[in-house]
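Heads up: the structure comes next, in structure tokens.
The chains referred to below are lettered A, B, ... by the order of the sequence lines, with proteins before strands, and numbering in each begins at 1. Since the model is a prediction, treat every value here as computed from it, not as a measurement.
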Amino acid sequence: MSASKLKRDFYLRNNIILIAQELLGKRICSCQNGKLTSGIIVETEAYAGPEDRASHAYGGKRTQRTEVMYHSGGIAYVYLCYGMHSLFNVVTNRDGIPHAILVRAIEPDRGVDIMLRRRNRNSVSPSLTAGPACLTQALGITTAHNGINLAGKIIWIEDLGIKLRKKYIIAGPRVGVSYAGKDAALPWRFKIRNSNWTSKP
DNA sequence: AAGAGGATGCCCT
DNA sequence: GGGCATCCTCTTC
């Protein structure tokens with residue numbers, strides 16, 4: 001099978017919903033201190049910039065934290081949640097339009113032993129990488145990676161040459177965004193149907 | 001300068 | 001299935 005690193009053009013498109021779906025089945029790779037870990041993306045959520053009340057950038061809110069979302073697509077937005085969890089997002093679109101896609105779950109691929117150690121586990125189960133904070137810990141991603149270029153050699157995403165058909169994608173409401181009013185009901189959470197590696201709720 | 005709350009996961013029954 | 005850990009970010013005084 002042929003794996004090719006996604007190029008900048010992939011992220012620069014002005015269609016966050018499409019990109020969030022296309023990320024399913026892609027492989028996210030992380031190389032930290034020479035240790036390679038990777039997983040197949042099985043769950044994502046779209047956060048569509050200024051119009052989306054669930055987005056950190058709702059209403060064009062621009063702070064030190066959200067600054068990265070306003071850069072051109074193809075970089076990572078990693079922020080801290082509940083004071084202890086690093087959550088990994090892919091920034092999309094062009095300069096000035098703050099779109100970001102949260103990666104919520106992956107299926108472990110390479111470097112499983114390293115992931116087990118990072119997660120303090122001794123056996124492989126969905127809890128190893130199901131959940132946005134779980135997968136970042138497994139991949140060794142922290143807020144230190146905020147703003148990093150996804151075309152580089154530390155964190156990147158690969159196309160495995162597999163086209164996932166629409167019928168294998170489940171769309172539903174996003175997790176933990178009840179404060180977002182009517183935007184809370186938007187079906188912008190995407191999962192691969194029948195995957196055992198998605199997060200629960 | 002201070003306080004409230006958050007795109008959660010763990011560890012226990 | 002439920003309580004708790006734990007600290008940064010933003011808003012407001």
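In this structure, the NE2 atom of A:H56 is 9 Å from the P atom of C:dC10, given to the nearest Å. If you measure from atom NE2 of A:H85 to atom P of C:dC7, you get 11 Å, rounded to the nearest angstrom. If you measure from atom CD of A:E43 to atom P of B:dA7, you get 16 Å, rounded to the nearest angstrom. Atoms CD1 (A:I141) and P (B:dA7) sit 19 Å apart, rounded to a whole Å. Taking atom OH of residue A:Y179 and atom P of nucleotide B:dG5, one finds them 14 Å apart after rounding to whole Å. Atom P of nucleotide B:dA7 and atom CG of A:L186 are separated by 16 Å, given to the nearest angstrom. Regarding A:Q64, its CD atom lies at a distance of 13 Å from the P atom of C:dT11, rounded to whole Å. A:Y58 has its OH atom 14 Å from the P atom of C:dT11, to the nearest Å.
Counting only Watson-Crick and G-U wobble pairs whose two distances sit under 3.5 Å, DNA chain C takes part in these stems of three or more pairs: B:1-6 with C:7-12, B:8-12 with C:1-5.
At the heavy-atom level, A:A133 lies under 4.0 Å from the strands shown only through sugar-phosphate atoms. Contacts of A:L80 with the nucleic acid, taken as non-hydrogen atoms under 4.0 Å apart, involve only primed sugar atoms and P, OP1 or OP2. Note on A:R53: nothing from the nucleic acid sits closer than 4.0 angstrom, heavy atoms only.
For the pair A:Y82 and B:dG9, the ring geometry does not qualify as stacking, because the centroid separation below 5.5 Å and plane angle under 30° are not jointly satisfied.
Note: A:Y82 and A:H85 have perpendicular aromatic rings, judged against thresholds of 30 and 60 degrees for the angle between ring planes.
Grouping the Ile, Leu, Val, Met, Phe, Trp and Tyr side chains by contacts below 4.5 angstrom, directly or via other members, places A:I192 with A:F190. In the hydrophobic cluster analysis, where Ile, Leu, Val, Met, Phe, Trp and Tyr join through side-chain heavy atoms closer than 4.5 angstrom, A:L87 is grouped apart from A:V103.
Within the 4.0 Å cut-off from OP1 or OP2 of C:dC8, not a single side-chain nitrogen or oxygen of A:R65 is found. The shortest distance between the side-chain N/O atoms of A:R62 and the OP1/OP2 oxygens of C:dT9 is not below 4.0 Å. The shortest distance between the side-chain N/O atoms of A:R119 and the OP1/OP2 oxygens of B:dC10 is below 4.0 Å.
Panel note: side chain A:D52, backbone A:A54; a donor-acceptor pair is recorded below 3.5 Å.
You'll find that the side chain of A:M84 is closest to C:dA5, out of C:dA5, B:dC10, C:dT11.
To the nearest 0.5 angstrom, A:E158 atom CD is 11.5 Å from A:K26 atom NZ.
Cation-pi geometry between A:R13 and A:F10 is satisfied (NZ or CZ under 6.0 Å from the ring centre, within 45° of the ring normal).
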> A:R193 and A:T198: side-chain hydrogen bond (donor to acceptor under 3.5 Å, both in side chains), yes or no, with the steps?
Replying inline: CA-CA 9 Å; A:R193 190 180 295 276; A:T198 57; over 6 Å; no
